[in-house]
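These notes are about the structure you will find just below.
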2 protein chains.
Amino acid sequence: MSNIRDVAKEAGVSVATVSRALSDPEKVSQASLNKVHAAIERVGYRPNMLARSFRSAKSYAVVVLVPDITNPFFSQVIRSIEDRAQQKGYAVLLGDTRGLPEREKEYIRRVETRMADGVIQLRPDQPGNPTVMPSDVKCVNVCGCESTTGPRVRIDNRGAARSVVEYLISLGHKRIGVISGLKDNPHTIDRLAGYSEALEAAGLEFDPALIAEGDYTTWSGLNSAKQFCHMDNRPSAVMCMNDEMAIGAIQTFKTHGLKVPENISVTGFDDISYARYCDPNLTTVAQPAEEMGKLAMDMLLRLIEGQELAQQENVLPAEFVIRKSTTVPGNK
Amino acid sequence: MSNIRDVAKEAGVSVATVSRALSDPEKVSQASLNKVHAAIERVGYRPNMLARSFRSAKSYAVVVLVPDITNPFFSQVIRSIEDRAQQKGYAVLLGDTRGLPEREKEYIRRVETRMADGVIQLRPDQPGNPTVMPSDVKCVNVCGCESTTGPRVRIDNRGAARSVVEYLISLGHKRIGVISGLKDNPHTIDRLAGYSEALEAAGLEFDPALIAEGDYTTWSGLNSAKQFCHMDNRPSAVMCMNDEMAIGAIQTFKTHGLKVPENISVTGFDDISYARYCDPNLTTVAQPAEEMGKLAMDMLLRLIEGQELAQQENVLPAEFVIRKSTTVPGNK
DNA sequence: TTGTAAGCGTTATCAC
DNA sequence: GTGATAACGCTTACAA
């Protein structure tokens, strides 16, 4: 493999000139520039980025920490991060942690060992399982919650959940069930707060029996929904805290002979791509995944370049999308 | 930041010993080992991987090229690749090409410029849009086809499609439609070949009117299915070349008042997670995504380490999963 | 505008 | 087993 010295020799200039021609062409005469480029072509030179990164102590890579890349919402955000990173000349190191703190640590270590310049984390901080982020590691959180600290971009989960419930109430629903994530998950906490607020504003009572706990998987939605089917005083609508659980819940309701939405309305959260193709098409909250990923990457870049952040927190608007899985309360 | 010299000084040994203690502990006495580790602890040393990679001319990273990370099948394969890479001490650089040759090139360039040691490519080679892979770039293809060259792991697409059609024929179906991918896509070619083979073996005639072209998106499945709804002699079953198109097709059939599977059977391909939750649960071909990713990574590792491959091609078994979207032909 | 040369932090090659 | 030291390919003062 040819190196910068070979190019210099071939072009009849010094290595410094070649280096400058590549990274700071302004500082080089047109004549030298031409010679250098011709020489690069002739010897088939490819700059060694490892050497460049090493020398300049910047890896031009960022780690994306995600609990599960197969989650369709996460993968949308990641695609957007990757797109922005590519535009800016950065590489994305994929860090699928599977929710394991030790794997998270291994990836954070990659920035401590200079393989990456920073971290974008795609999850809310769990109380029992907090991320240990060394203070010198640049990090921005995306998809977090009200309790998330540090630079972050998120939506107003509480407000979005409140909108959902307000809409259901406006349709005439009085008993509104919830399929939540795990109780101590910050998303669950924020969205449940929004649910309670809407209820209270409408003068409706909060009934703990109406809260079924899931864990954001389709399977858990499918299971949790069962407890509503056999209830004496069944809710006429169920707000699910993500689309996967909503899809599972709908399946359960159907197998129990309940029609969605005629017998029971169902809403989701996230607006994953299947939301518009499932039966019935899902009423849900669309998170601006594209925008969130892009903004998070831009924030991290600013951090890496040592600039100040205009604001630590960016709360982006979520859109409530009404489709076919909700209607006025009907026959039980 | 402390470096290897600081550790050496602190431990009272040479830098060479520190280096050896870290990368080849066998060659160092227990006494030195202890001194070194204690010193590392005291000075808070983190080895500079950029320097290590630079010096040893190995980046310990691989690029994963994928047309679209949000495709649930691809993301499953990638998760498995990442898992294996992590186990082996390699990082995964995400290369979402969005099907753009120029982005593909940029990522391949990363291995030419030493930022990565090799490439795993997740797509079949397109005739009009072939990947230009320099001969010195180690690469293994996963999810390819019969026409794919170079080291590769794939399933027998033709055989799998034949199994699907044979099953439909065994149920009594005589007119079997297809929603295919783009005509020149190698997956389409292989799967269509399997379809034809099964028809021929059963003495059924191939009718071009029964082939609707899509492009592997849900939306295209939704659209292509329409042409079957209005047909005089409607097929009693439709084989879709992936799950997304099957889901789209089912939606179209339903809105046209056709019951699936009572009026029309539908099959998919891939077994994405949603296949078991859509209505009706989808009969489909399960690709061993996990195994494919792992094997591809292992092959690439062997290539990077300069070892011979036991075989250039690994064809893994696919499993035909019968669910609720297929039944015997019924009323039109 | 250009060239010379000193590193960057590590590993590898020698001696000892 | 260990230590001195020369690379690795590049960037960047500093000098010309």
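Heavy-atom basis, side chains included; hydrogens, waters and symmetry copies ignored. Proteins get letters first, then strands, A, B, ... in listed order; numbering begins at 1 in each.
- Across the protein-nucleic acid pair, A:R114 atom CZ and D:dC10 atom P stand 21 Å apart, rounded to whole Å.
- The phosphate of D:dT2 (OP1 or OP2) has a side-chain N or O of B:S32 nearer than 4.0 angstrom.
- Of the side-chain N and O atoms in A:S14, none sit less than 4.0 angstrom from OP1 or OP2 of C:dT4.
- One finds a side-chain N or O of A:T17 lying less than 4.0 angstrom from the OP1 or OP2 phosphate oxygen of C:dG3.
- Whole-Å rounding puts the A:K58 NZ to C:dG9 P distance at 17 Å.
- Protein atom CZ of A:R55 is 9 Å distant from nucleotide atom C1' of D:dA13, rounded to whole Å.
- Between A:N48 and D:dG9 there is no side-chain N or O to OP1 or OP2 distance below 4.0 Å.
- Within the structure, a side-chain polar atom (N or O) of A:R52 is placed less than 4.0 Å from OP1 or OP2 of D:dT11.
- Closest to the side chain of B:I4, out of D:dC10, C:dT11, C:dT2, is C:dT11.
- For C:dG9, the OP1/OP2 oxygens have no side-chain nitrogen or oxygen of B:S19 closer than 4.0 Å.
- Heavy atoms of other residues, nucleotides or ligands lying less than 6.0 angstrom from CD of B:E308 number 12 at most.
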request  = Determine, stepwise, if the pair A:K88 / A:E305 fulfils salt bridge (Lys or Arg N to Asp or Glu O under 4.0 Å).
outcome  = CA-CA 12 Å; A:K88 299 289 189 173; A:E305 279 150 20; over 6 Å; no

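- In this structure, B:M49 places its CE atom 10 Å from P of C:dT10, rounding to the nearest Å.
- Per the geometry, CZ belonging to B:R20 stands 9 Å off C1' belonging to C:dA12, to the nearest Å.
- Nucleotides of DNA chain D nearest to B:V13 and B:A51 differ in position, and the one nearer the 5' end is that of B:V13.
- Considering all non-hydrogen atoms of both residues, B:S75 and B:I69 come closest at CB-O, 3.5 Å.
- A salt bridge between A:D68 and B:R79 is present, with a side-chain N of the basic residue lying under 4.0 Å from a carboxylate O of the acidic one.
- Between A:L22 atom CG and D:dT12 atom P there is a gap of 13 Å when expressed in whole angstrom units.
- Atom CZ in A:R5 sits roughly 12 Å away from atom C1' in C:dA5 (whole-Å rounding).
- One interatomic measurement links the two molecules: CG of A:D24 to P of C:dT1, which rounds to 11 Å at whole-angstrom precision.
- If you check the side chains of A:T131 and A:R123, you find a donor sitting under 3.5 Å from an acceptor.
- Stacking annotation: B:F54 is not stacked on the base of C:dT10 (requires ring centroids less than 5.5 angstrom apart and an interplanar angle below 30 degrees).
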